[in-house]
Amino acid sequence: MPVTRRDFIRGGVAAFTVSFTAPSFLSDIARAQGARTRSLVVVYLGGGNDALNTVVPYQDQFYYSRRPTIAVPAGQVLQIGTDTSGRALGLHPRLTGLQGIFNEGRLAIIQRTGYQNSSRSHFQGFDIWGTANPLNTTSTGWLARYLETVPRDALSGWATTREVPRALLSKEISVPGIPDARTYVFASPNGVAEALNERAAAQRIASHVAVDRPHLAFVNGTATGAFETLDRVASVASYAGTVVYPNNGFAIALRTVAGSISRGTGTRVYWVQTSGFDTHATQGVQGGGAYGGLMGTFGDGIAAFYNDLRNQGLLSETLILQFSEFGRRISENGSGGTDHGAAAVMMAIGGAVRGGIYGTAPSLNPDLSNPTLENNGGDVRYETDFRSVYARVLDNWLGAASMAILGGDFRAGAPPIV
Amino acid sequence: MARSETGVEHLLRRAGFGASQDDLKAFENTSTSGVLDYLLDYGRQADDVDSKIGDPAYASITAVGGFSPNLNIEHARQRWLFRMLHTRRPLEEKMALFWHNHFATAYTKIASIAGGAQATRMMALKAGELPGPQGQIELFRSMALGSFRDLLIAVAQDPAMLFWLDGRLNTRQRPQENFGREIMELFTFGIGHYNEFDVYAASRVFTGWNLRLVNRGNDANSYNEFVFNPNQHDTGEKTFSFPIYRNGSATIPARAAADGMQDGIDFITALATHPNTGRRLARKMWDFFVSEVVEPDEGTINDAASAYLLNGTSIASLVHYMLRSRQFQNPGNWRTRFSWPVEYVVRAVKEVGWSGFSVDSLRTPLTTMGQTLFEPPDVNGWELGTGWFTTGGMLARMNFAATLAGNQRLNLVRAIGGAGSSPASVLDVFLDRLSPAPFDSSARSELLGYLEAGGAWTGSETQLRTKAAGLARLIVGSGEYQIV
């Protein structure tokens with residue numbers, strides 16, 4: 001049976017409640033210092049993104065023969081040149097914003113990322129990418145382990161989702177889930193003065209640590225976390241940005257993140273996601289349809305965020321790292337879609353990114369001797385261990401020690417993206 | 001007097017959605033085992049809850065331009081919440097919720113293909129109210145405690161599922177793996193019991209399990225129904241890494257196309273009777289009914305799974321086992337579940353009150369808390385237990401408590417009646433009406449302190465109106481209230 005998030009917490013809840021409460025003076029110190037911190041914005045494409053239609057090997061004849069209806073026509077791709085193996089690549093036509101960032105040298109594309117024996121399960125795959133441990137997905141999240149090494153602050157991490165993802169699960173710290181700063185307020189049935197009485201009482205009730213009922217202490221810990229973050233998040237609620245963001249959940253979450261960066265809340269790790277990438281059926285033809293919509297949501301949201309930060313001179317403090325739990329099968333299925341596959345594509349974007357194409361594209365020739373494929377030529381084999389990308393980000397961007405956080409040395413072969 | 005922690009209330013929280021004052025009165029002279037029988041044998045209770053919609057004695061619904069719960073998803077959500085609130089068969093709704101999470105199917109994907117009216121019909125149509133097969137949630141109600149094998153077959157042929165996991169497009173030329181994978185990974189025995197070749201073979205098993213549209217064109221009359229399409233069935237043999245038949249054979253034989261549906265029946269029977277399917281369901285039921293904090297022992301899970309198998313993949317056997325178990329009755333395991341958002345809001349409304357309250361006003365709070373009915377986040381269902389509790393999720397609960405308390409302010413003041421003379425007597429009224437897990441003495445002092453925050457207690461009408469709503473929001477929004 002897959003170990004669920006609940007099992008993880010069940011085991012960890014006692015340890016968690018002993019140390020979860022962030023002393024508020026630490027956040028005061030952080031703010032008083034007024035120092036801007038580098039931030040990492042992790043972008044998750046939920047459902048298993050079809051890497052081959054994101055970064056298209058448009059001169060590979062097998063790309064077209066194995067995807068007779070869903071292939072992106074060569075004439076439509078946004079050219080980004082060739083990789084080190086000489087394979088010509090193009091971005092999906094809806095990624096115009098990303099092409100611009102690529103041309104500025106601030107988009108790194110890392111092809112064929114993954115790990116040995118890639119899981120084809122969404123949930124196991126997601127937990128493997130989240131824990132950075134393919135052999136034991138019950139451990140804490142890799143981003144949480146990083147946050148455990150920095151000064152405690154209730155807002156050091158920020159998930160813009162209702163659920164806090166595996167990557168941010170810790171036994172020591174509680175990362176808040178705040179989808180939209182505008183609704184992150186404490187409501188009251190009474191007037192302003194009485195609302196303050198209610199808030200004070202609620203905060204005090206939640207602060208009692210029920211040592212004999214750790215699960216209650218856990219729930220109260222989330223209430224305490226809310227009270228500790230309310231006021232700082234409120235400072236973000238009115239943020240409008242310097243550009244017009246698209247009107248969808250992904251872009252609104254990115255705008256919230258931009259607001260937090262702009263207002264200097266001190267958050268180090270953000271989590272943003274957009275889903276719908278489990279394209280088993282009718283994913284669209286000629287670069288359009290459902291997958292075109294997904295690419296538009298992704299690309300337009302990132303472009304707005306990038307431009308907003310650039311306008312404020314904040315790009316150099318921000319790194320965006322995109323991933324998905326797996327790529328999809330090479331051949332389309334009978335429903336005009338693609339089933340679960342293996343290696344995926346990652347992207348890194350930011351003012352300090354060394355842009356370019358890292359890694360090599362697969363040959364899509366289904367010949368069994370083709371070393372770039374696996375599963376009888378059905379799926380793309382990974383070339384770059386995703387943990388080496390994590391290691392690079394930890395060591396070179398966040399200034400952390402990747403070996404301790406990842407539980408091993410994955411620095412070798414890491415693409416030098418930052 | 002504070003409401004006490006009784007076996008009956010524990011049972012009603014776990015096998016139902018908590019108890020209103022009227023519910024408690026009705027069970028006043030019934031033993032715990034009598035209440036358990038009442039809940040389990042729900043077929044004996046009248047299924048008349050829908051007839052109460054519109055009756056001012058119950059919560060109201062909001063439907064501009066007429067109530068159409070078979071064609072409008074917001075109306076379907078309201079009907080389901082109304083049922084949870086006022087049904088005489090709480091376990092039936094509880095099990096429907098369990099299966100909704102287990103076979104997690106989301107409306108939006110279906111609506112994006114088939115349109116909102118058709119998608120609502122597939123999720124929620126009550127048989128007979130419009131032509132066509134009953135909706136998925138009605139399927140769960142009708143088969144909630146029956147044979148799991150039969151339920152799996154019905155789910156594999158359910159139009160909503162055939163849209164959700166793309167089975168409607170699964171044809172022999174190029175099979176479609178979505179349903180074939182998830183029926184093993186999520187619906188039955190789980191990861192570790194199959195490999196990628198099994199996924200391919202399972203997809204081929206279900207080729208031709210498709211849909212047909214009847215009475216095309218008019219939403220009130222047209223509908224999708226399951227059809228086995230022999231021309232699209234892969235007739236070749238399919239071999240698995242686990243036994244399909246009792247004689248140990250792991251191969252479904254090649255069959256004539258016309259008989260091809262038997263492939264799927266054989267495969268589902270094998271999955272339903274696999275030992276780990278029973279164990280996995282038992283484990284889920286343990287979490288759902290008994291405890292999310294205390295681990296079950298291996299023997300409990302195995303015994304429950306044996307009862308399931310011995311009685312022909314009987315879901316009722318699992319549920320009975322859990323609800324009658326020593327561990328369920330042990331007060332040490334009470335208050336060791338984290339309430340789901342829908343459980344929380346329904347129980348809160350039952351306890352706080354519903355005069356002039358529309359269940360439609362639960363819509364936005366539930367979404368903010370992370371549980372929109374008919375819209376689980378993915379096929380794995382919701383992140384249960386601690387997964388509900390992020391800062392944002394908890395804030396949403398505190399804010400819902402505030403909204404509900406403000407909405408029911410007069411009701412709450414009325415409940416205080418002549419007990420408004422002191423903070424302690426007011427608190428007693430509230431702790432009798434509401435059902436948080438016991439507050440320790442320091443939390444209790446904070447609640448009393450709140451009643452006098454901003455001014456000494458006078459018991460004036462103004463003070464009562466303010467503090468009644470404030471106190472209710474504090475209790476219903478407390479951590480103690482979230483654990484059930």
Side-chain angles (χ1 to χ4, degrees), chain A residues 1-2 5-6 9-10 13 46-47 120-124 159 162-164 174 176-179 183-190 193-194 197-198 200-202 204-206 208 210 213-216 218-220 222-223 225-226 229-230 275 278 280-282 332-337 339-340 375, chain B residues 166 169-171 173-178 181 185 190-192 196 199 280 283 287 292-293 295 336 338 368 370 377-378 380 383-387 389-395 398-399 402-403 405-406 409 437 440 442-443 446-447 449-450 453-454 466 469-470 473-474 477-480 482-483:
Chain A
M1 181 187 306
R5 183 182 195 281
R6 181 169 60 254
I9 292 287
R10 195 192 316 248
V13 84
R120 268 75 169 175
S121 156
H122 294 294
F123 312 103
Q124 190 177 49
R162 301 193 195 289
E163 293 170 7
V164 174
S174 173
I178 310 170
T183 57
Y184 197 75
V185 294
F186 184 78
S188 167
N190 293 310
E194 188 62 16
N197 291 334
E198 291 164 28
R204 281 198 299 270
I205 292 168
H208 293 294
R213 290 182 286 179
H215 56 296
L216 171 60
F218 178 86
V219 173
N220 279 333
T222 62
T229 49
L230 271 175
S275 58
D278 194 20
H280 284 279
T282 50
E332 67 181 63
N333 61 27
S335 326
D339 295 314
H340 301 185
N375 192 17
Chain B
D166 305 309
L169 302 169
N170 192 11
T171 52
Q173 297 288 341
R174 284 227 183 94
Q176 194 344 305
E177 294 168 18
N178 206 355
R181 177 184 302 276
E185 177 179 340
I191 272 183
E196 283 299 294
V199 174
R280 193 155 170 274
R283 179 52 201 255
D287 285 347
E292 290 178 310
V293 174
E295 286 285 333
T336 56
F338 301 88
T368 320
D378 54 49
N380 198 25
E383 280 286 347
L384 312 179
T386 52
F389 289 92
T390 61
T391 57
M394 186 61 190
L395 192 60
M398 293 192 272
N399 287 342
T403 305
R409 190 188 302 271
D440 63 24
S442 54
E446 298 293 357
L447 291 168
Y450 163 72
T466 302
R473 76 84 43 92
L474 286 177
S478 68
E480 281 80 351
Q482 313 309 319
I483 53 176

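Every chain is numbered from 1 and lettered A, B, ... according to where its sequence line falls, protein lines coming before strand lines.
Residues B:R174 and A:D339 are not in side-chain contact: their nearest non-hydrogen atoms beyond the backbone lie 4.5 Å or more apart. Contact annotation: the side chain of B:N380 never approaches that of A:H122 to less than 4.5 Å [non-hydrogen atoms, C-beta and beyond]. Within the 4.5 Å cutoff, no side-chain heavy atoms of A:N333 are placed close to those of B:E177.
Residue B:M394 holds its CE atom at 11.0 Å from CZ of A:F218, rounded to the nearest 0.5 Å. Within the model, atoms CZ of A:R162 and OG1 of B:T390 stand 9.0 Å from one another, a figure rounded to the nearest 0.5 Å. Between the CZ atom of A:R204 and the CG atom of B:L474 there is a distance of 10.0 Å, given to the nearest 0.5 Å. Residue A:Q124 holds its CD atom at 4.0 Å from CD1 of B:I191, rounded to the nearest 0.5 Å. Here the CG atom belonging to A:D278 is positioned 9.0 Å from the CG atom belonging to B:D378, to the nearest 0.5 angstrom.
Contact tally against chain B (heavy-atom pairs below 4.5 Å) for A:T282, A:V185, A:I178: the top residue is A:V185. Comparing B:T466, B:T171, B:V199 by how many heavy-atom pairs each has under 4.5 Å with chain A, the most go to B:T466. Contact tally against chain A (heavy-atom pairs below 4.5 Å) for B:T403, B:T368, B:D440: the top residue is B:T368. Contact count versus chain A (heavy atoms, under 4.5 Å) is highest, among B:A402, B:G470, B:A437, for B:A402. Between chain A and the residues B:G192, B:G477, B:A469, B:A405, the most heavy-atom pairs under 4.5 angstrom are made by B:A469. Interface summary for chain B: among A:S121, A:A202, A:S275, A:A193, the most heavy-atom pairs under 4.5 angstrom belong to A:S121. Top candidate by heavy-atom pairs under 4.5 Å with chain A, chosen from B:S442, B:G393, B:G454, is B:S442. Each of B:Q173, B:E480, B:R473 has some count of heavy-atom pairs under 4.5 Å with chain A, and the biggest count is that of B:R473. Of the listed residues (A:G336, A:P176, A:G47), the greatest number of heavy-atom pairs within a distance under 4.5 Å of chain B belongs to A:P176.
Looking at A:H208, the atoms closer than 4.5 Å to chain B (heavy atoms on both sides) all sit in the side chain, from C-beta outward. Residue contact with chain A, scored on non-hydrogen atoms closer than 4.5 Å, involves the side chain of B:E196 exclusively. Contacts of B:P377 with chain A are made by side-chain atoms alone, with heavy-atom separations under 4.5 Å and no backbone atom involved.
Nearest heavy-atom pair, B:T391 versus A:A226, reported as atom, atom and distance to 0.1 Å: CG2-N, 3.6 Å. Shown here for A:H280 and B:Q176, the closest heavy-atom pair between the two residues is O-NE2, 2.7 Å. In plain terms, the two heavy atoms of B:G479 and A:V219 that are nearest each other are CA-CG1, 3.7 Å.
At distances below 3.5 Å, not a single donor-acceptor pair connects side-chain atoms of A:N197 with backbone N or O atoms of B:Y450.
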